[in-house]
Enquirer: 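Dumping the structure here so I can ask a few things about it.
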2 protein chains.
Amino acid sequence: MKKKEHKECMSALLPVRDTLDIIGGKWKLLILISIWEGNKHFREIERSIPKLSTKVLSKELKDMEENQLIIRTVLNGFPVRTQYTPTEHSKTLKKVILELQNWGINHRKEIFGDTSEKDNSIRV
Amino acid sequence: MKKKEHKECMSALLPVRDTLDIIGGKWKLLILISIWEGNKHFREIERSIPKLSTKVLSKELKDMEENQLIIRTVLNGFPVRTQYTPTEHSKTLKKVILELQNWGINHRKEIFGDTSEKDNSIRV
DNA sequence: CCGCATCCGAGTGGATACTG
DNA sequence: CAGTATCCACTCGGATGCGG
(Lines give C-alpha, C1' and ligand atoms only; values in the text may rest on other atoms or scores of the structure.)
Protein backbone atom coordinates (compact mmCIF):
# COMPACT_ATOMS: atom_id res chain seq x y z
CA MET A 1 0.00 0.00 0.00
CA LYS A 2 1.57 3.23 -1.06
CA LYS A 3 1.89 6.12 1.34
CA LYS A 4 -0.78 8.67 0.65
CA GLU A 5 0.12 12.23 -0.05
CA HIS A 6 -0.71 14.27 2.95
CA LYS A 7 0.08 17.49 1.13
CA GLU A 8 -2.88 17.04 -1.17
CA CYS A 9 -5.15 16.75 1.77
CA MET A 10 -3.68 19.89 3.21
CA SER A 11 -4.50 21.90 0.13
CA ALA A 12 -7.97 20.41 0.04
CA LEU A 13 -8.31 21.57 3.60
CA LEU A 14 -7.62 25.20 2.82
CA PRO A 15 -11.20 26.06 1.88
CA VAL A 16 -12.37 24.14 4.94
CA ARG A 17 -10.12 26.22 7.12
CA ASP A 18 -11.39 29.40 5.47
CA THR A 19 -14.92 28.46 6.35
CA LEU A 20 -14.04 27.51 9.88
CA ASP A 21 -12.22 30.79 10.37
CA ILE A 22 -15.29 32.65 9.24
CA ILE A 23 -17.91 30.93 11.35
CA GLY A 24 -15.70 29.58 14.11
CA GLY A 25 -14.81 31.48 17.21
CA LYS A 26 -16.97 32.34 20.13
CA TRP A 27 -19.01 35.20 18.68
CA LYS A 28 -19.11 35.16 14.91
CA LEU A 29 -22.26 33.08 14.52
CA LEU A 30 -24.08 34.88 17.30
CA ILE A 31 -23.35 38.21 15.68
CA LEU A 32 -24.33 37.03 12.26
CA ILE A 33 -27.60 35.66 13.53
CA SER A 34 -28.30 38.82 15.46
CA ILE A 35 -27.94 40.77 12.24
CA TRP A 36 -30.03 38.28 10.32
CA GLU A 37 -32.68 38.81 12.95
CA GLY A 38 -32.84 42.44 12.09
CA ASN A 39 -30.53 44.14 14.55
CA LYS A 40 -28.81 46.88 12.63
CA HIS A 41 -26.88 49.19 14.93
CA PHE A 42 -23.74 48.69 16.94
CA ARG A 43 -25.31 49.11 20.36
CA GLU A 44 -28.30 47.11 19.30
CA ILE A 45 -26.16 44.15 18.30
CA GLU A 46 -24.04 44.52 21.40
CA ARG A 47 -27.05 44.50 23.68
CA SER A 48 -28.54 41.48 21.96
CA ILE A 49 -25.54 39.35 22.87
CA PRO A 50 -24.72 39.11 26.56
CA LYS A 51 -21.07 39.31 27.61
CA LEU A 52 -19.92 40.65 24.26
CA SER A 53 -17.52 43.56 24.63
CA THR A 54 -17.27 46.46 22.24
CA LYS A 55 -13.70 45.66 21.38
CA VAL A 56 -14.50 42.19 20.23
CA LEU A 57 -17.68 43.22 18.45
CA SER A 58 -15.80 45.92 16.61
CA LYS A 59 -13.16 43.49 15.44
CA GLU A 60 -15.63 40.82 14.43
CA LEU A 61 -17.76 43.25 12.45
CA LYS A 62 -14.66 44.34 10.58
CA ASP A 63 -13.80 40.74 9.75
CA MET A 64 -17.32 40.07 8.61
CA GLU A 65 -17.33 43.12 6.41
CA GLU A 66 -14.07 42.01 4.79
CA ASN A 67 -15.62 38.64 4.15
CA GLN A 68 -18.63 40.33 2.58
CA LEU A 69 -21.05 38.82 5.00
CA ILE A 70 -22.37 42.23 6.02
CA ILE A 71 -22.46 45.74 4.65
CA ARG A 72 -21.54 48.68 6.82
CA THR A 73 -23.18 52.01 6.14
CA VAL A 74 -22.56 55.21 8.05
CA LEU A 75 -25.69 57.33 8.19
CA ASN A 76 -25.16 61.06 8.23
CA GLY A 77 -26.61 62.94 11.14
CA PHE A 78 -25.59 63.48 14.68
CA PRO A 79 -24.77 61.55 16.69
CA VAL A 80 -23.36 59.20 14.07
CA ARG A 81 -25.34 56.07 13.42
CA THR A 82 -24.00 53.06 11.64
CA GLN A 83 -26.00 50.36 10.00
CA TYR A 84 -25.05 46.76 9.42
CA THR A 85 -27.03 44.68 7.00
CA PRO A 86 -26.51 41.09 5.88
CA THR A 87 -25.50 40.31 2.31
CA GLU A 88 -27.11 37.70 0.14
CA HIS A 89 -23.80 35.89 0.21
CA SER A 90 -24.05 35.57 3.98
CA LYS A 91 -27.27 33.65 3.61
CA THR A 92 -25.55 30.84 1.77
CA LEU A 93 -24.05 30.01 5.14
CA LYS A 94 -27.37 28.85 6.46
CA LYS A 95 -27.10 25.53 4.69
CA VAL A 96 -23.67 24.98 6.20
CA ILE A 97 -24.89 25.87 9.65
CA LEU A 98 -27.78 23.47 9.30
CA GLU A 99 -25.37 20.72 8.37
CA LEU A 100 -23.25 21.45 11.44
CA GLN A 101 -26.35 21.49 13.57
CA ASN A 102 -27.57 18.15 12.30
CA TRP A 103 -24.24 16.52 12.87
CA GLY A 104 -24.09 17.98 16.36
CA ILE A 105 -27.52 16.61 17.21
CA ASN A 106 -26.67 13.16 15.93
CA HIS A 107 -23.36 13.30 17.72
CA ARG A 108 -25.08 13.89 21.03
CA LYS A 109 -27.30 10.91 20.43
CA GLU A 110 -24.27 8.84 19.58
CA ILE A 111 -22.40 9.89 22.70
CA PHE A 112 -25.14 10.07 25.29
CA GLY A 113 -27.77 7.88 23.70
CA ASP A 114 -30.07 10.84 24.15
CA THR A 115 -33.17 10.18 22.09
CA SER A 116 -35.23 13.14 23.25
CA GLU A 117 -36.56 15.11 20.33
CA LYS A 118 -36.67 18.85 20.42
CA ASP A 119 -37.50 21.28 17.67
CA ASN A 120 -34.22 23.07 17.37
CA SER A 121 -34.27 24.20 13.78
CA ILE A 122 -32.49 27.43 13.22
CA ARG A 123 -34.97 30.24 12.81
CA VAL A 124 -33.87 33.36 11.05
CA MET B 1 -42.92 43.23 13.94
CA LYS B 2 -42.31 41.45 17.19
CA LYS B 3 -38.82 41.05 18.58
CA LYS B 4 -37.51 37.60 17.85
CA GLU B 5 -36.37 35.43 20.68
CA HIS B 6 -32.64 35.28 20.66
CA LYS B 7 -32.59 32.61 23.34
CA GLU B 8 -34.14 30.10 21.01
CA CYS B 9 -31.41 30.71 18.53
CA MET B 10 -28.85 30.18 21.24
CA SER B 11 -30.20 26.78 22.10
CA ALA B 12 -30.38 25.89 18.43
CA LEU B 13 -26.75 26.86 18.22
CA LEU B 14 -25.62 24.43 20.88
CA PRO B 15 -25.25 21.47 18.51
CA VAL B 16 -23.50 23.77 16.05
CA ARG B 17 -21.06 24.78 18.73
CA ASP B 18 -20.49 21.12 19.62
CA THR B 19 -19.58 20.35 16.06
CA LEU B 20 -17.32 23.36 15.74
CA ASP B 21 -15.55 22.42 18.95
CA ILE B 22 -14.90 18.97 17.59
CA ILE B 23 -13.55 19.86 14.17
CA GLY B 24 -12.37 23.39 14.89
CA GLY B 25 -8.97 24.27 16.17
CA LYS B 26 -5.68 24.15 14.42
CA TRP B 27 -5.00 20.44 14.47
CA LYS B 28 -8.14 18.36 14.91
CA LEU B 29 -8.95 17.86 11.26
CA LEU B 30 -5.35 17.23 10.29
CA ILE B 31 -5.06 14.55 12.94
CA LEU B 32 -8.35 12.96 12.01
CA ILE B 33 -7.40 12.82 8.36
CA SER B 34 -4.00 11.42 9.19
CA ILE B 35 -5.71 8.58 11.02
CA TRP B 36 -8.23 8.10 8.24
CA GLU B 37 -5.28 7.78 5.91
CA GLY B 38 -4.03 4.82 7.85
CA ASN B 39 -1.55 6.24 10.31
CA LYS B 40 -2.03 4.28 13.49
CA HIS B 41 0.70 5.00 16.01
CA PHE B 42 1.51 8.05 18.06
CA ARG B 43 4.87 8.78 16.45
CA GLU B 44 3.50 7.98 13.06
CA ILE B 45 0.75 10.53 13.38
CA GLU B 46 3.11 13.05 14.91
CA ARG B 47 5.57 12.72 12.04
CA SER B 48 2.84 13.03 9.45
CA ILE B 49 1.92 16.49 10.67
CA PRO B 50 4.69 19.09 10.66
CA LYS B 51 4.98 21.42 13.66
CA LEU B 52 2.70 19.32 15.80
CA SER B 53 4.07 18.85 19.30
CA THR B 54 3.59 15.77 21.44
CA LYS B 55 1.77 17.70 24.10
CA VAL B 56 -0.85 18.99 21.73
CA LEU B 57 -1.20 15.68 19.93
CA SER B 58 -1.67 13.91 23.21
CA LYS B 59 -4.42 16.26 24.27
CA GLU B 60 -6.19 16.19 20.92
CA LEU B 61 -6.18 12.42 20.76
CA LYS B 62 -7.71 12.31 24.22
CA ASP B 63 -10.47 14.68 23.12
CA MET B 64 -11.11 12.68 20.00
CA GLU B 65 -11.34 9.48 21.95
CA GLU B 66 -13.89 11.04 24.30
CA ASN B 67 -15.89 12.11 21.31
CA GLN B 68 -15.73 8.59 19.96
CA LEU B 69 -14.05 9.60 16.77
CA ILE B 70 -11.18 7.22 17.37
CA ILE B 71 -10.47 4.09 19.36
CA ARG B 72 -7.31 3.78 21.39
CA THR B 73 -5.83 0.34 21.89
CA VAL B 74 -2.69 -0.47 23.84
CA LEU B 75 -0.88 -3.42 22.32
CA ASN B 76 1.02 -5.59 24.75
CA GLY B 77 4.69 -6.06 24.09
CA PHE B 78 7.75 -3.98 24.68
CA PRO B 79 8.24 -1.19 24.03
CA VAL B 80 4.60 -0.29 24.40
CA ARG B 81 2.74 0.40 21.19
CA THR B 82 -0.56 2.16 20.97
CA GLN B 83 -2.94 2.04 18.10
CA TYR B 84 -5.47 4.60 17.05
CA THR B 85 -8.20 3.64 14.64
CA PRO B 86 -11.12 5.69 13.34
CA THR B 87 -14.68 4.82 14.30
CA GLU B 88 -17.56 4.52 11.88
CA HIS B 89 -19.06 7.49 13.65
CA SER B 90 -16.07 9.60 12.70
CA LYS B 91 -16.75 8.98 9.07
CA THR B 92 -20.09 10.73 9.25
CA LEU B 93 -18.01 13.87 9.53
CA LYS B 94 -16.90 13.58 5.94
CA LYS B 95 -20.16 14.95 4.64
CA VAL B 96 -19.86 17.94 6.94
CA ILE B 97 -16.29 18.59 5.90
CA LEU B 98 -17.29 18.44 2.27
CA GLU B 99 -19.97 21.03 2.91
CA LEU B 100 -17.46 23.31 4.60
CA GLN B 101 -15.07 22.80 1.73
CA ASN B 102 -17.66 23.66 -0.90
CA TRP B 103 -18.69 26.78 0.88
CA GLY B 104 -15.06 27.81 1.27
CA ILE B 105 -14.42 27.35 -2.44
CA ASN B 106 -17.47 29.37 -3.40
CA HIS B 107 -16.55 31.98 -0.86
CA ARG B 108 -13.16 32.47 -2.46
CA LYS B 109 -14.80 32.94 -5.81
CA GLU B 110 -17.17 35.44 -4.30
CA ILE B 111 -14.40 37.42 -2.67
CA PHE B 112 -11.63 37.22 -5.24
CA GLY B 113 -13.60 36.41 -8.34
CA ASP B 114 -11.21 33.50 -8.74
CA THR B 115 -12.68 31.15 -11.30
CA SER B 116 -9.75 28.77 -11.60
CA GLU B 117 -10.86 25.20 -11.19
CA LYS B 118 -8.80 22.72 -9.28
CA ASP B 119 -9.63 19.21 -8.23
CA ASN B 120 -9.50 19.60 -4.51
CA SER B 121 -11.91 16.96 -3.38
CA ILE B 122 -11.01 15.45 -0.07
CA ARG B 123 -9.48 12.07 -0.53
CA VAL B 124 -9.54 9.62 2.32
C1' DC C 1 -24.07 56.70 19.37
C1' DC C 2 -19.84 54.48 17.46
C1' DG C 3 -15.66 52.48 18.26
C1' DC C 4 -10.62 52.79 19.33
C1' DA C 5 -6.67 52.69 23.00
C1' DT C 6 -4.81 50.88 27.10
C1' DC C 7 -4.01 47.86 30.74
C1' DC C 8 -3.98 43.31 32.42
C1' DG C 9 -4.97 38.36 33.80
C1' DA C 10 -5.87 33.68 32.06
C1' DG C 11 -5.24 30.30 28.90
C1' DT C 12 -2.76 28.29 24.76
C1' DG C 13 0.80 26.19 22.69
C1' DG C 14 5.90 25.55 21.60
C1' DA C 15 10.46 23.57 23.15
C1' DT C 16 12.70 20.55 25.84
C1' DA C 17 13.64 17.00 29.02
C1' DC C 18 12.29 13.05 31.37
C1' DT C 19 9.66 8.44 32.80
C1' DG C 20 7.61 3.80 32.04
C1' DC D 1 7.53 3.88 21.60
C1' DA D 2 4.07 6.60 24.16
C1' DG D 3 3.32 9.92 26.56
C1' DT D 4 3.93 13.46 30.94
C1' DA D 5 6.12 17.56 33.17
C1' DT D 6 8.03 21.95 33.22
C1' DC D 7 9.12 26.35 31.69
C1' DC D 8 8.04 30.23 29.04
C1' DA D 9 6.52 33.39 25.26
C1' DC D 10 2.63 34.96 23.31
C1' DT D 11 -2.17 35.80 22.28
C1' DC D 12 -6.88 36.54 23.41
C1' DG D 13 -10.29 38.69 25.36
C1' DG D 14 -12.47 41.32 29.40
C1' DA D 15 -12.73 45.91 31.72
C1' DT D 16 -12.41 50.55 31.46
C1' DG D 17 -11.89 55.13 29.77
C1' DC D 18 -11.68 58.40 26.08
C1' DG D 19 -12.46 60.84 21.39
C1' DG D 20 -15.13 61.72 17.29
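Throughout, protein chains are lettered first and strands after them, A, B, ... in sequence-line order, and every chain is numbered starting at 1.
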Enquirer: Rounded at 0.5 Å granularity, tell me how far OG1 in A:Thr87 sits from CG in A:Leu69.
Expert: 5.5 Å

Enquirer: Answer yes or no: does a side-chain N or O of B:Tyr84 lie under 4.0 Å from OP1 or OP2 of D:dC1?
Expert: no

Enquirer: Would you kindly give the CD-to-C1' distance between A:Gln83 and C:dC2, to the nearest whole Å?
Expert: 14 Å

Enquirer: Rounded to whole angstroms, how far apart are CD on A:Glu44 and P on C:dC2?
Expert: 8 Å

Enquirer: Once you apply a heavy-atom cut-off of 4.0 Å, does B:Arg81 come out as touching a base, just sugar-phosphate, or nothing?
Expert: sugar-phosphate

Enquirer: Using a cut-off of less than 4.0 Å, is there contact between a side-chain N or O of B:His41 and OP1 or OP2 of D:dA2?
Expert: yes

Enquirer: Distance check: side-chain N/O of B:Thr82 vs OP1/OP2 of D:dC1, anything under 4.0 Å?
Expert: no

Enquirer: Let's see if you can work this out: which of D:dA2, D:dC7, C:dC7 has an atom nearest to the side-chain heavy atoms of B:Lys55?
Expert: D:dC7

Enquirer: For a quick test of reading the model, state the closest non-hydrogen atom pair linking B:His41 to B:Thr82 and the distance between them.
Expert: ND1-O, 2.8 Å

Enquirer: Can you see if the side chain of B:Ser58 gets near the phosphate of D:dA2 - specifically, an N or O under 4.0 Å from OP1 or OP2?
Expert: no

Enquirer: Looking at residues 61-76 of chain A, who's got a heavy atom less than 4.0 Å off DNA chain D?
Expert: none

Enquirer: Hey, which sits more toward the 5' end of DNA chain D by its nearest nucleotide, A:Phe78 or A:Lys59?
Expert: A:Lys59

Enquirer: When the ring planes of B:Phe42 and B:Tyr84 are compared, do they come out parallel, tilted or perpendicular, using 30° and 60° as the limits?
Expert: tilted

Enquirer: With a 4.0 Å limit, can you tell me whether B:Thr54 has a side-chain N or O closer than that to the phosphate oxygens OP1/OP2 of D:dA2?
Expert: no

Enquirer: Using atom CG of B:Leu57 as one end and atom P of D:dA2 as the other, report the distance to the nearest whole Å.
Expert: 10 Å

Enquirer: CZ of A:Phe42 versus P of D:dG19: gap in Å, rounded?
Expert: 18 Å

Enquirer: Given atom CG of A:Leu52 and atom P of D:dG13, what is their separation to the nearest angstrom?
Expert: 11 Å

Enquirer: Assign each of B:Arg43 and B:Val56 to its nearest nucleotide of DNA chain C by heavy atoms, then name whichever residue's nucleotide is nearer the 5' end.
Expert: B:Val56

Enquirer: Between residues 18-28 of chain A and DNA chain D, which residues have a heavy-atom gap below 4.0 Å?
Expert: A:Lys26, A:Trp27

